[in-house]
Every structure is written in C-alpha cells, then in structure tokens.
Amino acid sequence: APRRDAALSGLACALMLTIGMETLPYVAMLGLWVAASFAFQFVSRQKAGAFGLGLASATLALYPALVAPSQWADRACDAFSSFHLALALCGGIGLAVSTLSSHRGMQWTLLGVTAVAGVSVLVGFFPHCLANPLADLPPLLREFWLEGVVETRSAFDILRSDPFSLIGFFAMPIIALLLCAGAVARRFKPVVASLFCALLATAIAVTVWQQRGFLFAAVLAIIPMTLAVTRARLSYQLYQKPPALAAMALAWMVSINPLWFITSAELAGAFSSAPTLQEQIASADRRDFCYDPSLYAVLTGEEDAVVLSSTNVGPMILAHTEHRAIAGPYHRNIAGNLMMIEAMISDPGEARKRLMMHGITHIADCLADPDARDFTRAAPTGFQAQLHRDHSQFTWLELIPETSDTPLRLFRVVY
C-alpha cells in the first residue's frame, strides 16, 4: 500500500502538469521534497522509488495521449510539452535509480548526478523557460494590457497601490507556515509538517511574484489551520477553562480568510479615502462592463463574424457566440492583441486599413471598458476616442440597432 500510494502521488503530479502550468512550482517542490526526504532517510527507498517511477511513467504515458505528434518537439514552457516530459523523465527515473542502491554514499552520488542532469537539460535545451514569459511583450502590450492585469501584480506593486490588502493575501498562509514550522520543531508529524512547510513557502513565494499565487496559498493553508482549530477545540473540551476557550476562538478567527480581507479593507478605509481595488470590483456592475451574456445574443445572429474588441470582451465573444475574437487576455495572442491596440489608438483612416487587412467584420465596443478609457486618454484623436465621441461620422460602420442603448455597441464593418 505505501508503494502504491507513492506511485499514485507521482501520477497525481503528472496530471497536475497536464491540467495547468500554474501547478509547475508545486510539482517541482514535491519532487525536490521527496528526493531530500529520501536522502535524509525520512522517506523509505520503496516510497521514493515508487514516486519517481509513477511520475516518469505517467508523464510518458500522458504525453502522446494529450500532445499531437506534430507538436512533440515543441519546447513550450506554458503548456504541456517536451520541456515537462524531459524534466519529469530525468527527475523521476533518476530518483528511482537512486533508490536501487542500499549504500548511502552511492544514493547521494546518484541523486547528485540526477540533479546535475536535470539542470543540464534545463539550461541546455530549455533556457527560455528560466525567463519571465511576459518579459518580452511589446511595449504597447505591456502598457495597455499587462499593467492592467490585476492577478499579475507583485507584492511590491500591491504595496505601492493598496498596501493593506497584503494582510488579506498573506496573513493566513504565513500563519499556516508558522504552525507547520512549529510542528517540525516539536517533532509532531515532522515529515508531513515539513512537506506543508515546503509547499506553503512555495505558494507564498509565488504570491510575492504574482498575486494569482494566493489561490494555492489559501487552499494549502486550510489543512494546517484545520488541525490547529481541531486541537484548540479538543483542548477546550478537555480543560473547560477561559484560556482554552480564548485559544479556540482565536484559532477559529485566524483561520477564516475573509476576516483578513475585511480587516485589510477596514484599515484601508481608516487610513485612505480612496476605495480599495476589491471595493471597486465589488461595486462594479457586470452588465455595465459587458460581462452579461445577454448582451451578445444579437451577435449570435450574425454570420461568420471576426470581431474586434477589447481583451476583456474577447472571452465573452468566444464563450457566448460561434465567432472569432481578435483580442483576448492571453499572453500568446500577441499579434491579435497588438493589432487591436494599434487600431484603436491610430487615426480612423489607418484603423480602417488595419481592419481591412485582417478581415475584421464586426466591432464590439464596450463603453465602460477600462481599455477604451486608456485608448481614449492615450490618443484623444484616435479611432477609439472618435468612436465614442460620434460613431455616426464613420460611414463604413453600421451600428446594429438593437445595441444602440446597451453598454455594448456592436457595429458591422462595411467595406
């Protein structure tokens, strides 16, 4: 059973890689933790070997099932590719081979060879995966798209714009990390506690880099926080004294993550008159910002449309119509997003040429969209600004009447 469970853990790691690249740091940390735990004899040879074989064999089996033969040589870092296959095979097989020897010195040597081989494969064949995937975005995309993506903000960005919200993002994961570190120090289930220390530290580090890491940090924090609440409750049931009751109440309070965000919002309200980002989002109307699916019903009646819209509107077009969207919040869609930005901030004549060149048949203009405001501010005489000012001046645009009084105006492009 232990071998089977370890092999299933390796399989789970492989499945994590195929589902979403956001899991890559945690799979890597799990692999490092298993190798380190085996090296220091916290995890048995049998378990470590089964984990390595499970990871390697599952990744190898999933690769041809999920990746088309024409893409087997692709070296993408942000999608399941040869990058993940190579490192999973190198690490998994290397770990399994290291467990074949019962000699401690040989085990350490084989683990060292595996580490060197993994680093060599990474640096030699996939050096681009060590870089920030968003670092090489064109300046226009960085200015008009990336800088407005909330979930890519770093902790330092948040510190400058909304410092009190850091409490909501980091309080619960840090408390959970401290609880796990305390358990290791007290030797209370040290192996499991050290695993959660490693995973929580990884999640906190990712959250420092990009806000989106908070989701994993919050989920991982639940388990040690639950254990703390359970122990506090058992202690109160045993002693029935005020200090135990206070400890139980405190454990409950610090484990409720919304409480931390409420605290951060209250502090922000007390020390700043400007609404926080969370307050702005909570007060926004979905329809006003064109997230109401009913706004796209008219567009479903159009034939074979190629729609130019902001990046925020693009996913709604893809989700609720059968048409193509030129722009969307996808970092691989560089050409489409850049074309949209250039068209919106160029003069109307140049914009029309760009639309014709790319076969645009429709324009979806969300009046309250943040992108539209940015384009108007950056180019007061540009196409986006004049489209909002007086769309009737464009004889080559035909407003779909049903959308004239809605937050989302739809135009047919007439060539």
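Below, all heavy atoms of this structure are taken into account, side chains as well, without hydrogens, waters or symmetry copies.
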Just checking, is any N or O donor in the side chain of D365 or Q384 under 3.5 Å from an acceptor N or O on the other one? yes
What residues form a salt bridge (charged side-chain N to carboxylate O under 4.0 Å, His left out) with E266, not counting sequence neighbours? none
Just by distance, no angles: are the side chains of N337 and H331 close enough, under 3.5 Å, to form a donor-acceptor pair? no
Give every donor-acceptor pair under 3.5 Å between a side-chain atom in residues 178-190 and any protein atom, sequence neighbours left out.
| residue | atom | partner | partner atom | Å |
| --- | --- | --- | --- | --- |
| R186 | NH1 | G182 | O | 3.4 |

What are the two closest heavy atoms between F144 and A378, and how far apart are they? CZ-CB, 3.6 Å
Report yes or no: do D371 and T311 form a side-chain donor-acceptor pair below 3.5 Å? yes
For L24 and F83, what are the C-alpha separation, side-chain angles and deciding distance, and is it a side chain to side chain contact (heavy atoms under 4.5 Å, CB included)? CA-CA 11 Å; L24 178 58; F83 164 61; 4.0 Å; yes
Inspect the contact between R142 and E147 and indicate whether a charged nitrogen and a carboxylate oxygen are less than 4.0 angstrom apart. no
Aromatic contact, H362 with F411 (centres under 6.0 Å): no
Side-chain donor or acceptor of Y63 paired with backbone N/O of W72 under 3.5 Å: yes
Sub-4.5 Å side-chain heavy-atom contact between M344 and F383: yes
Will you find, in the side chains of S310 and N312, an N or O donor that is under 3.5 Å from an N or O acceptor? no
Go through the steps to decide whether L234 and R231 satisfy the test side chain to side chain contact (heavy atoms under 4.5 Å, CB included), and finish with yes or no. CA-CA 5 Å; L234 290 175; R231 294 187 67 188; 5.7 Å; no
Run the ring-centre check on F170 versus F214 and record whether the distance is less than 6.0 Å. no
Looking at residues at least two apart in the chain, or sitting in another chain, which of them share a salt bridge (charged side-chain N to carboxylate O under 4.0 Å, His left out) with E151? R212
F261 and F164: ring pair (Phe, Tyr, Trp, His ring centres under 6.0 Å), yes or no, with the steps? CA-CA 9 Å; F261 278 101; F164 292 106; over 10 Å; no
